[in-house]
Asker: 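Encoded as structure tokens, here's the structure I'll be asking about.
Naming: A, B, ... by sequence-line order, numbering from 1 per chain.
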Amino acid sequence: MTEQHIDPELRRLEEIELLESKGINPYPYSFEKTHNSSEILNNFDDENPANFASVSIAGRIMSFRRMGKATFCHILDQTGKIQLYFKKDEIGDDYDNLKLYDIGDIIGVKGYVFRTKMGEISIHVQTQELLSKSLKPLPVAKEEVDEAGNKIVHDAFTDKESRYRKRYIDLIVNSEIRDTFIKRAKIITTMRNFFDSRGWLEVETPILQPIYGGATARPFVSHHNALDIPLYLRIADELYLKRLIVGGFEGVYEISKNFRNEGMDKTHNPEFTSMEIYVAYKDYEWMMQLTEELINKICTEVNGSEKVTIGDSNISFALPFRRAKMFDLYKEYTGKDLKGLSRDELASAAKEMGIETDKTMSAMKILDLIFGEKVEHRLIEPTFVVDYPIEMSPLAKKHRTEDGLVERFELFVNGSEIANCFSELNDPRDQRARLEEQARIRADGDDEAMVVDEDFLNALEIGMPPTAGLGVGIDRLVMLMTGETSIRDVLFFPQMRPEKVKKAEQNENG
RNA sequence: GACCUCGUAGCUCAGUCGGUAGAGCACUUGACUUUUAAUCAAGUGGCCGCAGGUUCGAAUCCUGCCGGGGUCACCA
């Protein structure tokens with residue numbers, strides 16, 4: 001061996017060849033595990049080491065401390081890290097093979113559990129085998145535990161771009177982020193159980209849609225070759241789920257990926273997950289109660305308490321949540337009663353609040369703007385905002401007592417919306433008029449306004465029972481429950497701009 | 001889309017007034033049979049995001065581009 005620089009990948013390839021020449025398969029087919037690392041760490045009893053006299057465990061090598069004829073290393077499995085101890089006297093020739101292993105390799109070992117002089121529960125290895133050889137170095141950080149027992153990570157892999165683009169590496173070297181995704185799965189499972197236990201049906205509806213609807217948003221457009229038609233990636237599943245209520249199901253829900261061709265930031269990814277549920281013979285009052293029960297249940301299941309901490313905010317999901325009428329909130333946070341004001345009166349009210357408006361803005365748009373500027377970010381504790389202006393909600397049913405309003409609520413927590421619900425509009429005459437109004441707005445240049453879906457109207461004409469519908473933004477709910485402030489940290493693979501193609505490749509194509 | 005900001009070794013970062021690049025860790029070689037940020041000794045490693053410009057000379061100054069992060073706009 002020379003002391004010259006050898007490319008780490010080439011060196012690892014050489015190691016593989018060396019192993020193969022010794023008859024060792026660097027990529028064998030299976031390994032019999034008896035334990036996870038956490039099972040050992042949590043249950044090892046110094047008084048009864050015989051309980052762990054023979055364990056077999058597998059994982060990725062995360063560190064090495066080689067000391068001549070003895071070696072310590074840590075391996076990482078799905079439940080965490082555990083230390084291994086290898087002794088030349090014990091494993092003989094295998095000890096030489098150990099020198100051909102690197103950080104990143106996956107190995108399986110058998111041995112007995114003991115506690116080292118320094119007090120760490122470890123596995124005294126009796127036999128070992130390579131399960132997968134890694135060819136590329138990992139950006140592993142060194143970890144230290146201080147006197148208070150706090151973990152200090154030195155030079156951690158923190159570059160957000162690399163972490164998002166190479167999530168598999170991030171999950172290895174910053175393995176604590178797994179917890180976020182485990183919580184995410186648990187949130188969805190809890191939600192599913194909550195609905196299933198009430199007898200509602202989980203369904204699937206088209207992602208590729210010839211006519212998109214159910215929300216105001218710009219869609220992604222695709223094209224079907226055989227039919228030679230444009231197809232749109234769904235922006236919401238509302239209209240299809242309502243068709244199923246028309247068809248006679250009394251409770252349907254879907255956990256769906258939706259796609260919106262809009263800007264990206266820390267709360268928006270082009271594809272995102274939402275849950276929509278529709279229950280027949282119910283209204284939004286009933287759904288409000290169900291929603292707070294659901295959110296409360298999710299929080300206690302996932303966090304073991306009704307409270308979460310996000311930044312400086314401590315948020316309690318204790319029941320019941322606050323309920324506030326939309327126009328009362330305007331009064332509370334702006335000091336002005338905006339109810340029943342004309343478009344121009346709203347514009348001048350906005351001006352007094354220091355909010356810029358222009359002539360193209362509708363009354364609805366101005367109200368929305370004021371809400372966004374003055375109210376929304378102040379709704380930290382869970383708050384149901386109730387009863388919205390009709391213009392803002394073309395799929396919601398007119399309020400039973402209040403003119404100009406619809407029966408709708410949105411749930412705000414920590415200054416952002418996480419759920420939206422209406423008493424669903426089931427009067428086909430009213431629905432047609434509202435969609436036609438949307439089409440007019442669209443014709444005037446608002447490409448986010450809805451399009452008329454004749455088949456959906458036909459379904460309503462067949463007849464839909466009174467129905468309550470709810471949508472929950474799953475990504476934002478996960479952010480809330482995990483204390484993450486960027487949607488990219490609750491998605492395994494957030495959308496990223498592709499990296500630049502290399503100059504040479506560009507020239508070939510150009 | 002606009003603005004601000006960042007991009008230097010595999011990772012985390014220094015790099016002064018413009019004088020052709022440095023640390024720690026990782027990696028390689030050697031020593032070391034209970035270590036733990038193991039230690040000790042010696043070494044390898046860079047198109048300073050890319051392309052131009054200014055200059056005798058550019059990681060450093062200027063312009064454009066690429067990518068990230070942030071703020072705003074749009075939105076859930």
Asker: Please work out if A:Y164 contacts a base, only the sugar-phosphate, or nothing of the nucleic acid, heavy-atom cut-off 4.0 Å.
Answerer: sugar-phosphate

Asker: Side chains of A:T71 and A:Y85: any donor to acceptor distance under 3.5 Å?
Answerer: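 Judged by distance alone, the side chains do not pair up.
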
Asker: Which nucleotide wins on minimum distance to the side chain of A:F157, given the candidates B:C11, B:U28, B:A76?
Answerer: B:C11

Asker: Quick one: which of B:U36, B:A76, B:G67 gets closest to the side chain of A:R476?
Answerer: B:A76

Asker: Measure all distances between protein nitrogen or oxygen atoms and nitrogen or oxygen atoms of nucleotides 3-5 of chain B, and list the pairs falling under 3.5 Å.
Answerer:
none

Asker: Using a cut-off of 4.0 Å on non-hydrogen atoms, how would the nucleic acid contact of A:K88 be classed: base, sugar-phosphate, or nothing?
Answerer: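 No contact at all - A:K88 keeps every heavy atom at 4.0 Å or more from the nucleic acid.
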
Asker: Whether the side chain of A:T116 and the base of B:U35 hold a donor-acceptor pair under 3.5 Å is what I'd like checked.
Answerer: yes

Asker: Would you kindly say whether A:S393 and A:R434 are connected by a side-chain donor-acceptor distance under 3.5 Å?
Answerer: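 No donor-acceptor contact under 3.5 Å links the two side chains.
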
Asker: Which part of the nucleic acid does A:A215 contact within heavy-atom distance under 4.0 Å: base, sugar-phosphate only, or nothing?
Answerer: nothing

Asker: Out of B:U35, B:G69, B:U33, which has the shortest distance to the side chain of A:D89?
Answerer: B:U33

Asker: Counting side-chain heavy atoms from CB outward, which of B:C27, B:U12, B:C32 is closest to A:I103?
Answerer: B:C27

Asker: Reckon A:K136 touches a base, only the sugar-phosphate, or nothing at all at heavy-atom distances under 4.0 Å?
Answerer: nothing

Asker: Would you please confirm or rule out a distance under 4.0 Å between OP1 or OP2 of B:U39 and any side-chain N or O of A:R65?
Answerer: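 For A:R65, the contact criterion (side-chain N or O under 4.0 Å from OP1 or OP2 of B:U39) is not met.
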
Asker: Does atom CD of A:E204 have more than 12 heavy-atom neighbours from other groups under 6.0 Å away?
Answerer: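 At most 12 heavy atoms, drawn from other residues, nucleotides or ligands, come within 6.0 Å of this atom.
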
Asker: Could you measure between the two C1' atoms, the one in B:U60 and the one in B:G45, and give it in whole Å?
Answerer: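 Comparing C1' positions in B:U60 and B:G45 gives a spacing of 23 Å.
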
Asker: Output the single nucleotide from B:G68, B:U35, B:C74 whose closest atom is nearest the side chain of A:R497.
Answerer: B:G68

Asker: Base, sugar-phosphate alone, or nothing: which one does A:R165 contact when heavy atoms must sit under 4.0 Å apart?
Answerer: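 Sugar-phosphate contact only - A:R165 comes under 4.0 Å of backbone atoms but never of a base.
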
Asker: Can you tell which of B:U33, B:U36, B:U28 lies closest to the side chain of A:K69?
Answerer: B:U33

Asker: Please confirm whether the shortest side-chain N or O distance from A:R488 to OP1 or OP2 of B:G69 is below 4.0 Å.
Answerer: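 Checking A:R488 against B:G69: at least one side-chain N or O falls below 4.0 Å of OP1 or OP2.
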
Asker: Please map the stems of RNA chain B, keeping only stretches of three or more Watson-Crick or G-U wobble pairs with both distances under 3.5 angstrom.
Answerer: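 RNA chain B stems, ordered by first number: B:1-7 with B:66-72, B:10-13 with B:22-25, B:27-31 with B:39-43, B:49-53 with B:61-65.
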
Asker: In terms of side-chain heavy atoms of A:M118, which of B:A73, B:U28, B:U36 is nearest?
Answerer: B:U36

Asker: Side chain of A:E120, base of B:U34: donor and acceptor closer than 3.5 Å?
Answerer: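 It does not, because no donor-acceptor pair links the side chain of A:E120 to the base of B:U34 below 3.5 Å.
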
Asker: Does the structure show A:F272 stacking with B:A76, if we require the centres to be closer than 5.5 Å and the planes to be within less than 30 degrees of parallel?
Answerer: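 Yes, A:F272 stacks on the base of B:A76.
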
Asker: For A:Q83, which of A:L41, A:T116, A:I75 qualifies under side chain to side chain contact (heavy atoms under 4.5 Å, CB included)?
Answerer: A:T116

Asker: So A:E417, base contact, sugar-phosphate only, or nothing? Heavy-atom distance under 4.0 Å.
Answerer: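 Here A:E417 touches the backbone only, sparing every base.
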
Asker: When you get a sec, tell me which of B:C11, B:C74, B:A37 is the closest nucleotide to the side chain of A:K142?
Answerer: B:A37

Asker: Work out which heavy atom in A:R192 is nearest to a heavy atom in A:Y253; give both atom names and the distance.
Answerer: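 Minimum heavy-atom contact is CG-OH, 3.1 Å.
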
Asker: Within the 4.0 Å heavy-atom criterion, would you say A:D368 contacts the bases, only the backbone, or no part of the nucleic acid?
Answerer: nothing

Asker: Just to be sure I understand the rule, does A:T158 reach a base, reach only the sugar-phosphate, or reach nothing, if contact means heavy atoms closer than 4.0 Å?
Answerer: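 Since only primed, P, OP1 and OP2 atoms lie under 4.0 Å of A:T158, the category is sugar-phosphate.
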
Asker: For a quick check of understanding: with a heavy-atom distance under 4.0 Å over all strands, which category does A:E90 fall into, base, sugar-phosphate or nothing?
Answerer: nothing

Asker: May I ask you to say whether A:E271 pairs ionically with A:K257, meaning some side-chain N is under 4.0 Å from a carboxylate O?
Answerer: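 Yes, charged N to carboxylate O under 4.0 Å.
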
Asker: Between B:A76, B:A73, B:C32, which nucleotide has the shortest distance from any of its atoms to the side chain of A:E373?
Answerer: B:A73

Asker: Which is true for A:T216 with a 4.0 Å heavy-atom rule: it touches a base, it touches only sugar-phosphate, or it touches nothing?
Answerer: sugar-phosphate

Asker: Given 3.5 Å as the limit, does a donor-acceptor pair link the side chain of A:N296 with the main chain of A:E292, or not?
Answerer: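 The answer is no, because no donor-acceptor pair under 3.5 Å joins these two groups.
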
Asker: Is the closest basic N to carboxylate O distance between A:E417 and A:R476 below 4.0 Å?
Answerer: no

Asker: If only side-chain N and O atoms count, and only distance matters, is there a donor-acceptor pair under 3.5 Å linking A:N269 with A:Q495?
Answerer: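 There is no such pair between these side chains.
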
Asker: Would you call A:E14 and A:R12 a salt bridge, taking side-chain N to carboxylate O under 4.0 Å as the test?
Answerer: no

Asker: Between A:E161 and A:M264, just flag the one whose closest nucleotide in RNA chain B comes earlier from the 5' side.
Answerer: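 Nearest-nucleotide comparison on RNA chain B picks A:E161.
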
Asker: Looking only at the side chains, is there a donor atom on one of A:S38 and A:N36 sitting less than 3.5 Å from an acceptor on the other?
Answerer: no

Asker: Can you tell me if A:R66 touches the phosphate of B:U39, counting only side-chain N or O atoms and a distance under 4.0 Å to OP1 or OP2?
Answerer: no

Asker: Under 4.0 Å between any heavy atoms, over every strand shown, what does A:H124 touch: base, sugar-phosphate, or nothing? Just pick one.
Answerer: nothing

Asker: State which of B:C11, B:A26, B:U71 makes the closest approach to the side chain of A:D155.
Answerer: B:C11

Asker: Mind checking if A:D475 touches a base, just sugar-phosphate, or nothing, with heavy atoms under 4.0 Å?
Answerer: nothing

Asker: Parallel, tilted or perpendicular: which one describes the rings of A:F384 and A:F409, with boundaries at 30° and 60°?
Answerer: perpendicular

